[in-house]
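Below: the structure, in structure tokens.
Since this is a predicted model, take the numbers as computed values, not measurements.
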Amino acid sequence: QPITNDILDVKFGYFQQAEDRSKALTNLALSPITQNGSSALGVFNTLSWSHTGLVRISEKESQKFSGIKDDRGNAIESQRLSNGELVFLAKDVPAFGSRKYFLNTKKNKTVRTLAHGNALDNGLVHVVIDPQTGDISSLTAGSSEFVNKKAACNLNSYRYLHGGDDPDKATGTSNVKISIKENGPLVASILVESQAEGCNSLKREITIVAGQPYIEIKNIVDKQAILKKEGIHFGFGFNIPNPTTRVDIPWGIMKIDNDMLSGANRNWIAFQRWLDISDNDKGVTWCSLDAPVFEVGNITANIIGSATNSDKWIKKINPSATIYSWALNNHWHTNYPLSQEGKIEFRYRILPHNSAYDAGLSNRFGLEQAQPLIAAPVDKNMQSKPLLSLGGSSKVLISILETDSTGNNMQVRIRSVSEKDEPVKLNWLSRKPESVTIIDNNKGANKDVQQDILVPAMGFITIEAKFTR
């Protein structure tokens, strides 16, 4: 109906405007140093700690080149992907800083491969794909297995459920075809193609990167337009014997069930960038870049309508290392299209760790997925030095850097995910402020500080720095 389409256009517009503004801001920030067609490449880190990550150069930008060197002339391992992109690993890009690389025509001679049959292995993680289902049937790091063989699903298991049906009626995949898509010294991936109810086709690509301790997942659902109530879920049955699940939420970390209000929705739960399932010995940090709602233990988002006083509403969540990503549905009557169709991408990241939960590790991993390294062609003589760095606990980070129109006043937001007060130090590198003040609106007074700052447990502090003109 016309009015429905108008409503949807407005709501879809929010997402499009957000993407357009994000790209515009990035281009604006890079415009003073960007030089299109240059063989010099600037790699920029927007996080407050040094970051190692994969850099992708488009086929158009890299078609005249086949190799990479750093700013000292050392050859950097690179790989040409099947889509034409040239990729390399930028190591230890400094906090709020950059590194410069140079494209050249010297080909990479390394012939090492990371994919073999239905398995991926980079020495840090080992992944096995089930040839019958296309699910991840084994994920190991060190000597630990992170897939629960007894769970109702493996990892990245497709599940399609009609309306309010019971979870055991959910269907999986059929006619599975597995092939190696990328297989080089740096990047390897296995592509799983299959049929799946509700879809014209389903493609799942699992990727590993040399030297990186996590796996990447990209699922592309070619959705059929279906008017009847339906839902698509991707299951992840982790092998964590005594699990505690913690969830990243705005300005906090929530422990499942313990930190939830008695009337909170426990059938489906929203989160921000990451969740972690751990016991005292091991765990996983899991990121969902496109679908921010998950279920614990089973497919529990199967309630149609308001369901007032329904016994399907969960009162308590029992500990479980199985989660489902609720990827899409058409359950609700208001503000949702009657059907969803076309190719839709869902990306996930899994970091297994053979240690107890570490808020700093999980939070950094989640932010690294949300804020990957940025690459742009630059003048070969570009010089760049970070404005500042943050010393201290890995559980404390800078979440906002905001400069006014004069460029002489800056606000710095420092956030902690630690359960205790943490001392940190601001190190001003390329420009020294004439004053640094903690802004404390609650107490109505500001406090001058030098370099050392005490950040409260699970709290934040806002700093104002003033520079001379």
Side-chain angles (χ1 to χ4, degrees), residues 47 49 139 141 144 146-148 151 155 213-215 217 234-298 300-301 314-326 347-371 393-397 399 414-422 455-460:
L47 299 167
W49 58 91
L139 168 62
S144 298
F146 288 88
V147 177
N148 184 356
L155 302 186
Y214 63 90
I215 68 171
I217 295 171
F234 289 100
F236 296 82
F238 294 110
N239 178 32
I240 312 295
N242 300 294
T244 297
T245 301
R246 297 171 177 88
V247 181
D248 177 39
I249 60 175
W251 298 113
I253 296 173
M254 177 181 71
K255 190 179 291 187
I256 285 297
D257 209 69
N258 299 53
D259 295 336
M260 301 173 72
L261 296 173
S262 60
N265 186 351
R266 287 166 165 77
N267 288 66
W268 56 88
I269 303 166
F271 73 113
Q272 190 158 257
R273 297 184 183 93
W274 57 268
L275 65 79
D276 184 272
I277 307 172
S278 296
D279 60 19
N280 292 330
D281 299 315
K282 66 176 183 177
V284 292
T285 299
W286 178 87
C287 301
S288 173
L289 280 68
D290 306 292
V293 179
F294 70 99
E295 307 145 285
V296 179
N298 207 339
T300 53
I314 298 172
K315 302 298 189 296
K316 178 179 176 56
I317 298 177
N318 294 318
S320 176
T322 296
I323 57 172
Y324 287 85
S325 170
W326 195 13
R347 296 166 295 163
Y348 303 96
R349 305 284 188 269
I350 301 174
L351 173 67
H353 51 86
N354 285 299
S355 58
Y357 166 70
D358 181 332
L361 173 72
S362 295
N363 197 53
R364 284 190 171 192
F365 179 68
L367 281 164
E368 287 168 358
Q369 310 317 304
Q371 295 176 227
S393 172
S394 63
K395 297 177 183 179
V396 182
L397 66 144
S399 61
I414 304 175
R415 181 197 171 192
S416 174
V417 295
S418 174
E419 294 183 356
K420 64 178 183 178
D421 295 351
E422 295 283 359
V455 184
M458 300 302 293
F460 63 88

Report task. Using the ring of Phe365 (Phe, Tyr or Trp, six-membered ring only), decide whether Arg349 places NZ or CZ under 6.0 Å from its centre and within 45 degrees of its axis. Result -> no

Report summary line: Residue set satisfying side chain to side chain contact (heavy atoms under 4.5 Å, CB included) with Ala291, at least two apart, ordered chain then number -> Ser288, Ser325, Phe346, Tyr348

Report summary line: Heavy-atom nearest pair, Ala359 first then Val417, reads CB-O, 3.5 Å

Query - Side-chain heavy-atom pair Leu397, Leu47 within 4.5 angstrom cut-off - result: no

Report task. Scan Thr322, Leu155, Val147 and name whichever one has a side chain to side chain contact (heavy atoms under 4.5 Å, CB included) with Phe238. Result -> Leu155

Query - Donor-acceptor pair, side chain of Asn148 and main chain of Gly237, under 3.5 angstrom - result: no

**Report entry** Electrostatic pair Asp276-Arg246, nearest N-O below 4.0 angstrom
**Finding:** no

Query - Shortest non-hydrogen separation from Cys287 to Gln369 and the atoms involved - result: SG-CG, 4.0 Å

Report summary line: With sequence neighbours left out, the residues meeting side chain to side chain contact (heavy atoms under 4.5 Å, CB included) with Arg266 are Asp257, Met260, Ala264, Ile314, Ile317

Query - Taking every non-hydrogen atom, the tightest pair across Ser399 and Arg415 - result: OG-CB, 4.4 Å

**Report entry** Single hit among Tyr324, Phe236, Phe271 for ring-ring contact (aromatic ring centres under 6.0 Å, His included) with Phe294
**Finding:** Phe271

Query raised in the report: Under 4.5 Å between any side-chain heavy atoms of Asn242 and Pro319, yes or no?
Result: no

Query raised in the report: Measuring from Ile253:CD1 to Asp248:CG, what's the distance to the nearest 0.5 Å?
Result: 6.5 Å

Query raised in the report: Just how far is it from atom CG of Asp279 to atom OG1 of Thr244, taken to the nearest 0.5 Å?
Result: 8.0 Å

Report task. For the residue pair Glu368 and Trp274, confirm or rule out a side-chain donor-acceptor distance under 3.5 Å. Result -> no

**Report entry** Donor-acceptor contact present, side-chain Lys282 to main-chain Asn239, <3.5 Å
**Finding:** yes

Report task. Search all heavy atoms of Ala457 against all heavy atoms of Asp421 and return the closest pair with its distance. Result -> N-OD1, 2.9 Å

Requested in this report: State, with a plain yes or no, whether a side-chain heavy atom of Ser362 is found less than 4.5 Å away from one of Tyr357.
Outcome: yes

Report summary line: Heavy atoms of Pro213 and Pro352 approach each other most closely as O-CD, 3.4 Å

Query raised in the report: Which value, rounded to the nearest 0.5 Å, describes the distance between Phe146 atom CZ and Asn354 atom CG?
Result: 4.5 Å

**Report entry** Gap separating the OG atom of Ser418 from the CE atom of Met458, nearest 0.5 angstrom
**Finding:** 8.5 Å

**Report entry** Whether over 12 other heavy atoms sit under 6.0 Å from Asn280 CG
**Finding:** no

**Report entry** ring-ring contact (aromatic ring centres under 6.0 Å, His included) partners for Trp268, two or more places apart
**Finding:** Trp313, Trp326, Trp332

Report summary line: Between the OG atom in Ser394 and the CG atom in Asn363, the distance rounded to the nearest 0.5 Å is 9.5 Å

Report task. Report yes or no: does Asp358 contribute a side-chain atom to a donor-acceptor pair with the main-chain N or O of Gly360 at less than 3.5 Å? Result -> yes

Report summary line: Rounded to the nearest 0.5 Å, the OG atom of Ser355 sits from the CG atom of Leu361 at a distance of 6.5 Å

Query raised in the report: Would the number of heavy atoms belonging to other residues, nucleotides or ligands and lying under 6.0 Å from NZ of Lys420 be above 12?
Result: no

Query raised in the report: More than 12 foreign heavy atoms under 6.0 Å from CD of Glu419: is that the case here?
Result: no

Requested in this report: Measure across Val455 and Phe460 and return the closest heavy-atom pair with its distance rounded to 0.1 Å.
Outcome: CG1-CA, 4.5 Å

